[in-house]
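Have a look at the structure below, then the notes.
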Protein chains: 2
Amino acid sequence: MVTITDVSRRAGVSRSTVSRVVAGNGYVSEANRKAIEAAIAELGYRPNTLAQALRSNRSNVIGAVFVDVGTPYFANMIYGLQRAARPAGKALMVSSGYADQDEEARAVIELIDRSCDGIIVYLERPMRADVVEMLRRSQIPVVSIGHKPSPVSRGQVILDNFGGARAAMRHLLEQGHRRIVHLSGQADFGDTIARRDGMVAALNEFGMNMDDLHIVGGEFHQEFGYSATLDLLNERRDFTAVFAGDDDIAAGVLLALRQRGIRVPEDISVIGFDDAFHARHMWPPLTTVRQPMDALGDAAARLLLELLARPDSGPLEARIDTELVVRSSVAAPAMQREDA
Amino acid sequence: MVTITDVSRRAGVSRSTVSRVVAGNGYVSEANRKAIEAAIAELGYRPNTLAQALRSNRSNVIGAVFVDVGTPYFANMIYGLQRAARPAGKALMVSSGYADQDEEARAVIELIDRSCDGIIVYLERPMRADVVEMLRRSQIPVVSIGHKPSPVSRGQVILDNFGGARAAMRHLLEQGHRRIVHLSGQADFGDTIARRDGMVAALNEFGMNMDDLHIVGGEFHQEFGYSATLDLLNERRDFTAVFAGDDDIAAGVLLALRQRGIRVPEDISVIGFDDAFHARHMWPPLTTVRQPMDALGDAAARLLLELLARPDSGPLEARIDTELVVRSSVAAPAMQREDA
DNA sequence: CAGCATCATGCAATCGATTTCATCATCTAT
DNA sequence: ATAGATGATGAAATCGATTGCATGATGCTG
């Protein structure tokens, strides 16, 4: 491996001078600069980032912990992260927490140990107290994505769940739907709570209220959407539209309806949330509320870079808007619907 | 930050002794071991991985370059990678090459600079010569996933494209299809070539040959599947089944057929390749050949760990099998088909 | 011409570990 | 009793950079 010492010898200067040229700071004569640059090129010198990091206390690595990296949902977020991080010369180290508190703790600790300059987290569980304490002591800036700000985070990226849920409901209401079912994800998730408020807002705008909405709580999985829809149908419930807590649930709804021979959107309308990768591939293509994952990642990285550049800045926040994506799963309600 | 020196002082021993306890090698008296462990716990000492890496020349980081990290396809591969790497104490650093030679070069160079212990690559383009040279000089073991082994890789993970394509064709042939169209991806991709051989093998088994197959070359995109299918229909070509180069192409095929009012699988059967995330969400749910991305990532990491443990071992290879996933887009051909 | 910036450079300390080697105490075998 | 093996420990060099400080050269001002 060719080191800075090799370069300095070749160019006939001290290591300090080489360092100045590489870092591009301090005074260096034109003659020496040329000589050093030539030596660097001839030897193919590349600075050892480990040594740099050790000495200067900046690793130029940012760490990220997500629920599950192996998921399309987060893949897109990583894309946004990279888009913002790379131009700033930061590499990315990613890890999954699998929605388990101890796994999430392990992942965060690993990133602390690796001397990341900053950490971005998207967690489903509150952070373990000892990890919070470690982060506080390490002084590493933390940006969290999602609903509840973690106690150590100095940056927060929030998705406008309120506005998204309101837009979805309004879309259904404007089409004339009045008997709507909402299949929500986990009731204790922050997202779910924020969305409820958005739905209420939309209902109010149409002179309705929460009582006019039938809510079934479950999980963010296709299976829930499927079985809940079947139950609804068996109860012979009277509804013309379903607002699914996410696109996975919506996929389950579509499946159940199709099995019962109920047409979408002619008989029943369905709207989802997320605009996940597969939303456009469903049949009919799913109308849904787009949650721009790449924008979330991008914003998180930007916030972190800002915190790195201005360590004394107060808590930062970014709010990301949702967007209604109209495809083909919503239409005006039919006057009458023949049940299965 | 609490360092090894702090611990040594607290325990009343030298740094060397602490290091031995932490590393778990060398001789240490029971009394000292206890004292040191106590000191570590009281101070909350965590070894500085940067310093360890610098001194011992092992960073315990594995680098990976994929075509595009922000894609569901690779998300799953990262999952497999992590599954194998974490238990070995290796962290992951990922980067995208965006199917561009210079971008891929940049990504690999970054990983070299970061002193990764090993690098895993999945590239679309041949590696730039200067990067090959850098890798060779750096002695960093490289494992490549995919068709063409890169000139520096000492490990190779190969997907059985041959067997997968043969299985897909056999499935169609067994159902009775004889007039089959293949919509292939980029003709110069290694995958595409290997699959062609698999298709020939299947045809031969049924007493047919390449002339009995109509091949249209294009790209691995939905748009190609869509437009190619429309063209085929406009030409009034006579076919009962389509074998799509991947599930994206298949999605385009389904879309075009649906628009023309052609039923799948009653009128025309469609089979894909990959078993991408959205394959099961299509309508009808797509029969396809599963390419186990997580297994590919897992195998790559294992190979790399093996190379790391046994630096003098010869070139390693792993072959990953595909699996036919039967859903609902293939059926026996109808006797007669009324064209649009 | 004296005094003071400004420009250029190198020495040496430092970051936080690992690792070689020397030293010394015990223990065992002859 | 003594040589040799084994166990236990610490001093010091080392990994490859960055950076504060001292020093010297040069240019400018009054």
Side-chain angles (χ1 to χ4, degrees), chain A residues 1-37 39-40 43-61 89 91 112-117 137-140, chain B residues 1-37 39-40 43-61 89 91 112-117 137-140:
Chain A
M1 184 186 215
V2 26
T3 74
I4 199 173
T5 308
D6 300 327
V7 175
S8 71
R9 270 202 277 268
R10 175 89 168 217
V13 297
S14 73
R15 310 207 308 269
S16 324
T17 308
V18 177
S19 176
R20 285 187 199 105
V21 169
V22 172
N25 57 27
Y27 295 112
V28 179
S29 68
E30 199 51 35
N32 272 343
R33 158 165 289 116
K34 289 266 186 274
I36 290 168
E37 277 165 356
I40 288 176
L43 298 175
Y45 166 71
R46 312 237 85 211
N48 182 318
T49 54
L50 255 29
Q52 288 179 317
L54 176 60
R55 176 58 227 247
S56 61
N57 212 22
R58 316 185 86 258
S59 63
N60 284 320
V61 173
I112 300 175
D113 283 349
R114 299 266 176 193
S115 307
C116 291
D117 289 344
R137 289 209 308 180
S138 70
Q139 305 261 49
I140 300 177
Chain B
M1 185 186 213
V2 26
T3 74
I4 199 173
T5 308
D6 300 327
V7 175
S8 71
R9 269 202 277 267
R10 175 87 167 219
V13 297
S14 73
R15 310 208 307 273
S16 324
T17 310
V18 177
S19 175
R20 286 187 199 105
V21 169
V22 172
N25 58 26
Y27 294 114
V28 179
S29 69
E30 199 52 35
N32 272 343
R33 158 165 288 116
K34 289 266 186 276
I36 291 169
E37 277 164 355
I40 288 176
L43 297 176
Y45 166 71
R46 313 234 84 210
N48 183 319
T49 53
L50 254 31
Q52 288 179 317
L54 175 60
R55 178 58 229 246
S56 62
N57 212 22
R58 314 186 89 258
S59 63
N60 284 320
V61 173
I112 300 175
D113 284 348
R114 299 264 175 196
S115 308
C116 291
D117 289 344
R137 288 210 308 179
S138 69
Q139 305 261 47
I140 300 177

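Below, read A as the first sequence line, B as the second, and so on, with proteins coming before strands; counting in each chain starts at 1.
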TODO: Please assess S8(B) against T5(B) for the test side-chain hydrogen bond (donor to acceptor under 3.5 Å, both in side chains), listing each intermediate value before the final yes or no.
DONE: CA-CA 5 Å; S8(B) 71; T5(B) 308; 5.2 Å; no
Task: Euclidean distance, atom CZ of residue R58(B) to atom P of dA17(C) [Å, nearest integer] - done: 18 Å
TODO: Take atom NZ of K34(A) and atom P of dA8(C), then tell me their distance rounded to the nearest Å.
DONE: 13 Å
Task: N or O in side chain of S19(B) less than 4.0 angstrom from dT18(C) OP1/OP2 - done: yes
Task: Separation of C116(B) SG from N60(B) CG (nearest 0.5 Å) - done: 11.0 Å
- [ ] Report the distance from atom CZ of R20(B) to atom P of dG16(C), rounded to the nearest whole Å.
- [x] 21 Å
Open item on the list: By nearest atom, which of the nucleotides dT14(D), dT18(D), dG10(D) is closest to the S14(B) side chain?
Closed with: dG10(D)
Open item on the list: Measuring to OP1 and OP2 of dG7(D), would you say a side-chain N or O of Y27(B) lies under 4.0 angstrom away?
Closed with: yes
- [ ] State the CD-CG distance between E30(B) and N32(B), to the nearest 0.5 angstrom.
- [x] 10.0 Å
Open item on the list: Whole angstroms only, please: what is the CG-P distance between D113(B) and dG16(D)?
Closed with: 14 Å
Task: Whole-Å gap separating C1' (dC15(C)) and CG (N57(A)) - done: 8 Å
Open item on the list: Strictly below 4.0 Å: does N32(B) bring a side-chain N or O up to OP1 or OP2 of dT9(D)?
Closed with: yes
Open item on the list: Distance check needed: dT19(D) P versus Q52(A) CD, whole Å only.
Closed with: 10 Å
- [ ] Find which nucleotide of DNA chain D each of G12(B) and S56(B) is nearest to by heavy atoms, and output the residue with the more 5' nucleotide.
- [x] G12(B)
Open item on the list: Applying a 4.0 Å non-hydrogen cut-off, can you work out what T17(A) is touching in the nucleic acid: base, sugar-phosphate, or nothing?
Closed with: sugar-phosphate
TODO: Would you classify S29(A) as touching base, sugar-phosphate or nothing, given that sugar-phosphate means primed atoms plus P, OP1 and OP2, and contacts are heavy atoms under 4.0 Å?
DONE: sugar-phosphate
Open item on the list: What contact category does T3(A) fall into here, base, sugar-phosphate, or nothing, at under 4.0 angstrom with non-hydrogen atoms?
Closed with: sugar-phosphate
Open item on the list: Can a donor-acceptor pair be found, under 3.5 Å and without considering hydrogens, that links the side chain of S59(A) to the backbone of S115(A)?
Closed with: yes
Open item on the list: Within the 4.0 Å heavy-atom criterion, would you say S16(A) contacts the bases, only the backbone, or no part of the nucleic acid?
Closed with: base
- [ ] Would you kindly give the CZ-to-C1' distance between R114(B) and dA17(D), to the nearest whole Å?
- [x] 15 Å
- [ ] Indicate, with a heavy-atom threshold strictly under 4.0 Å, whether V28(B) touches base, sugar-phosphate, or nothing.
- [x] sugar-phosphate
Open item on the list: Need one value for V22(A): base, sugar-phosphate or nothing, where a base atom within 4.0 Å counts as base even if backbone is also close, heavy atoms only.
Closed with: nothing
Task: Residue met sooner reading DNA chain C from 5', once R15(A) and L50(B) are mapped to nucleotides - done: R15(A)
Open item on the list: Among dG10(D), dA17(D), dT18(C), which nucleotide has an atom closest to any side-chain atom of I4(A)?
Closed with: dA17(D)
Open item on the list: Looking at every non-hydrogen atom in both residues, tell me the closest pair between V7(A) and V18(A) and how far apart they are.
Closed with: CG1-CG1, 3.8 Å
TODO: Please determine, for the side chain of Y45(A), which listed nucleotide (dT9(C), dT9(D), dA17(D)) has the closest atom?
DONE: dA17(D)
Open item on the list: Under 3.5 Å, is there a donor on one side chain and an acceptor on the other for S19(A) and S16(A)?
Closed with: no
Open item on the list: Nearest whole Å is fine: how far is dG16(C) P from R46(B) CZ?
Closed with: 16 Å
